Peer 1: 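Dropping the structure in here first, questions after.
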Amino acid sequence: MSAHGDPIPMTARRSGPLKGEAVVPGDKSISHRALILGALAVGETRISGLLEGQDVLDTARAMRAFGAGVTHEGPGAWTVQGVGVGGFAEPPDVIDCGNSGTGVRLIMGAMATSPVTATFTGDASLRKRPMGRVTEPLALFGTRAFGRQGGRLPMTLIGAAEPAPVRYAVPVPSAQVKSAVLLAGLNAPGETVVIEREATRDHTERMLAGFGATLRVEDGAEGRAIVLTGQPELRPQTIAVPRDPSSAAFPVAAGLIVEGSDVLVPGIGLNPTRAGLFTTLREMGADLSYENAREEGGEPVADLRARFSPDMTGIEVPPERAPSMIDEYPILAVVAAFADGATVMRGIGELRVKECDRIAAMVTGLRACGAEVEEGEDWMIVHGHGPGSLPGGAICATHLDHRIAMSFLCAGLAAQRPVSIDDGGPIATSFPIFEGLMAALGAAFARGTE
């Protein structure tokens with residue numbers, strides 16, 4: 001699949017049982033951070049299991065543009081020759097981050113306190129997404145940003161020549177904003193403090209500590225405070241990237257809703273700040289088990305086994321769980337359409353500013369498929385009617401969003417009539433082997449629409 005170029009329409013039809021092992025790619029969040037922190041270390045960082053989707057490849061290219069040596073050694077194997085904290089060179093050209101909001105926001109943070117200027121752009125989807133949530137706290141360090149109306153790309157950042165340490169309370173739960181401020185704080189003197197009311201994915205904190213940064217976490221009246229001591233010399237690391245729980249969500253979900261299925265997804269990262277979907281599915285009554293639990297590279301890992309689950313019921317998902325599963329609500333909405341009763345999802349307003357408005361995209365597509373769905377500004381309710389109950393028969397718009405595309409393809413595997421999407425190309429940004437992997441399990445996918 002290609003994330004760029006002509007649209008790739010696709011159709012999913014009701015399938016027989018999905019069987020076998022689904023070896024999903026490396027974790028996208030950890031892959032981005034491994035490349036960026038490797039570039040900020042002094043010496044050679046070696047990475048195995050890196051996700052080689054377009055989003056991460058765009059970050060690798062950006063690190064080269066800032067002066068780091070980034071080399072592809074083989075499938076999933078990369079080395080990064082770092083330039084040290086504060087050692088970024090000025091890029092010779094515009095930095096194109098493609099479809100990746102994570103990539104562009106983390107890279108902005110990493111360069112914000114170096115005395116260089118860089119201009120960022122992305123694809124049509126990324127150019128619609130607001131960057132002010134990152135550029136506003138970066139301005140506290142002394143960074144200046146000039147972009148399109150509404151704080152959108154293309155945008156030029158002028159790094160702070162004499163950065164000051166920052167104390168910043170993140171206004172909405174966002175691992176991207178938290179991480180951007182921490183990365184900027186690396187080249188500021190003294191202590192930079194980031195406070196979050198609700199814990200978000202903590203890969204940045206774990207990886208900063210692994211690279212040798214001095215960092216502590218304190219719980220106080222304001223919330224969870226991450227305190228980073230600036231201007232360290234980061235040590236290069238050997239990093240084994242665990243497999244991505246957000247990618248695993250799709251074969252897991254398909255296994256739960258397609259009759260007779262039994263799917264094993266090995267080696268999935270189960271960091272508690274990322275595993276909210278799997279907790280939710282089990283609360284709904286999903287036959288989803290963790291096998292061979294272990295720890296790899298400082299992250300909890302297990303093999304997931306998902307079996308067809310005809311007795312799932314709708315639940316109210318706790319709003320405080322949203323940060324640990326924010327990317328998985330589209331596929332949860334699909335599963336909910338095959339459960340019995342209402343699945344209530346609140347506190348999910350962040351979905352409005354992802355690659356597209358994911359609430360609107362899922363509501364529109366599910367209704368076109370015959371589902372009963374309600375929505376509000378930061379909530380969505382799917383009324384399910386049990387296994388095999390979704391009529392299907394629609395062509396759903398993906399809005400250049402990889403997770404919307406994969407979610408509707410999974411829906412088509414268990415719907416009464418085929419479900420098509422207008423463009424499967426964006427799937428390559430995060431899960432380039434999705435089509436082949438699902439087909440090997442028995443998924444009835446085809447290019448083109450009904």
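For clarity, every value in this text was computed on a predicted model and none was experimentally measured.
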Peer 1: Looking at V85 and L186, what are the two nearest heavy atoms and their distance?
Peer 2: CG1-O, 3.4 Å
Peer 1: Strictly by modelled atom types, are T102 and H32 linked by a side-chain donor-acceptor pair under 3.5 Å?
Peer 2: no
Peer 1: Might you confirm whether atom CZ of R148 has over 12 heavy atoms from other residues, nucleotides or ligands at distances under 6.0 Å?
Peer 2: yes
Peer 1: Quick check: closest heavy atoms across F66 and A118, and the distance to 0.1 Å?
Peer 2: CZ-CB, 3.9 Å
Peer 1: I'd like to know if K28 pairs up with D55 as an ion pair, taking the criterion as any Lys NZ or Arg NE/NH1/NH2 lying under 4.0 Å from an Asp or Glu carboxylate oxygen.
Peer 2: yes
Peer 1: Distance check, rounded to the nearest 0.5 Å: I239 atom CD1 versus F211 atom CZ?
Peer 2: 3.5 Å
Peer 1: I'd like to know if D27 and R243 make a salt bridge, using a cut-off of under 4.0 Å between side-chain N and carboxylate O.
Peer 2: no
Peer 1: Kindly say whether the aromatic ring centers of F434 and F445 come within a distance under 6.0 Å.
Peer 2: yes
Peer 1: Between the side chains of S420 and T11, is a donor N or O closer than 3.5 angstrom to an acceptor N or O?
Peer 2: yes
Peer 1: In terms of side-chain heavy atoms, does T398 have a donor or acceptor partner in D422 at a distance below 3.5 Å?
Peer 2: yes
Peer 1: We want to know whether H203 and S29 form a side-chain donor-acceptor pair, criterion being a heavy-atom distance below 3.5 angstrom.
Peer 2: no
Peer 1: Got a salt bridge between E374 and R367, using NZ or NE/NH1/NH2 to carboxylate O under 4.0 Å?
Peer 2: no
Peer 1: So that I can tick it off, tell me whether E375 and R352 are bridged by a salt bridge, with the cut-off set at under 4.0 angstrom between side-chain N and carboxylate O.
Peer 2: yes
Peer 1: Could you list the residues that satisfy salt bridge (Lys or Arg N to Asp or Glu O under 4.0 Å) with R64, not counting sequence neighbours?
Peer 2: none
Peer 1: Let me have the donor-acceptor pairs involving side chains of residues 177-184, under 3.5 Å, with sequence neighbours excluded, atom names and distances please.
Peer 2:
{"from": "K178", "atom 1": "NZ", "to": "E196", "atom 2": "OE2", "distance (Å)": "3.4"}
{"from": "K178", "atom 1": "NZ", "to": "T200", "atom 2": "O", "distance (Å)": "3.4"}
{"from": "K178", "atom 1": "NZ", "to": "T200", "atom 2": "OG1", "distance (Å)": "3.0"}
{"from": "K178", "atom 1": "NZ", "to": "R201", "atom 2": "O", "distance (Å)": "3.0"}
{"from": "K178", "atom 1": "NZ", "to": "E205", "atom 2": "OE1", "distance (Å)": "3.4"}
{"from": "K178", "atom 1": "NZ", "to": "E205", "atom 2": "OE2", "distance (Å)": "2.9"}
{"from": "S179", "atom 1": "OG", "to": "R33", "atom 2": "NH2", "distance (Å)": "3.3"}
{"from": "S179", "atom 1": "OG", "to": "A175", "atom 2": "O", "distance (Å)": "2.7"}
{"from": "S179", "atom 1": "OG", "to": "T204", "atom 2": "OG1", "distance (Å)": "2.6"}

Peer 1: If the threshold is 4.0 Å, N to carboxylate O, is there a salt bridge linking D93 and R61?
Peer 2: no
Peer 1: Give a yes or no on whether the backbone of P236 and the side-chain of T45 come within a donor-acceptor separation of less than 3.5 Å.
Peer 2: no
Peer 1: Checking side-chain contact (heavy atoms from CB on, under 4.5 Å) against L409, which of E435, M10, M438 comes through?
Peer 2: M10
Peer 1: Report all side-chain donor-acceptor pairs from residues 187-194 shorter than 3.5 Å, counting only partners two or more places apart or in another chain.
Peer 2:
{"from": "N187", "atom 1": "ND2", "to": "T113", "atom 2": "O", "distance (Å)": "2.7"}
{"from": "E191", "atom 1": "OE2", "to": "R216", "atom 2": "NH1", "distance (Å)": "3.1"}

Peer 1: Assess whether a salt bridge exists between E355 and R129, defined as any Lys/Arg side-chain N lying under 4.0 Å from an Asp/Glu carboxylate O.
Peer 2: yes
Peer 1: Do the charged groups of R321 and E328 touch, with an N to O distance under 4.0 Å?
Peer 2: no
Peer 1: If you apply the rule side-chain contact (heavy atoms from CB on, under 4.5 Å), what do you find for I315 with T280, and how did you get there?
Peer 2: CA-CA 8 Å; I315 65 167; T280 299; 3.9 Å; yes
Peer 1: Ring-plane angle category for H72 and W78, please: parallel below 30°, perpendicular beyond 60°, tilted otherwise.
Peer 2: parallel
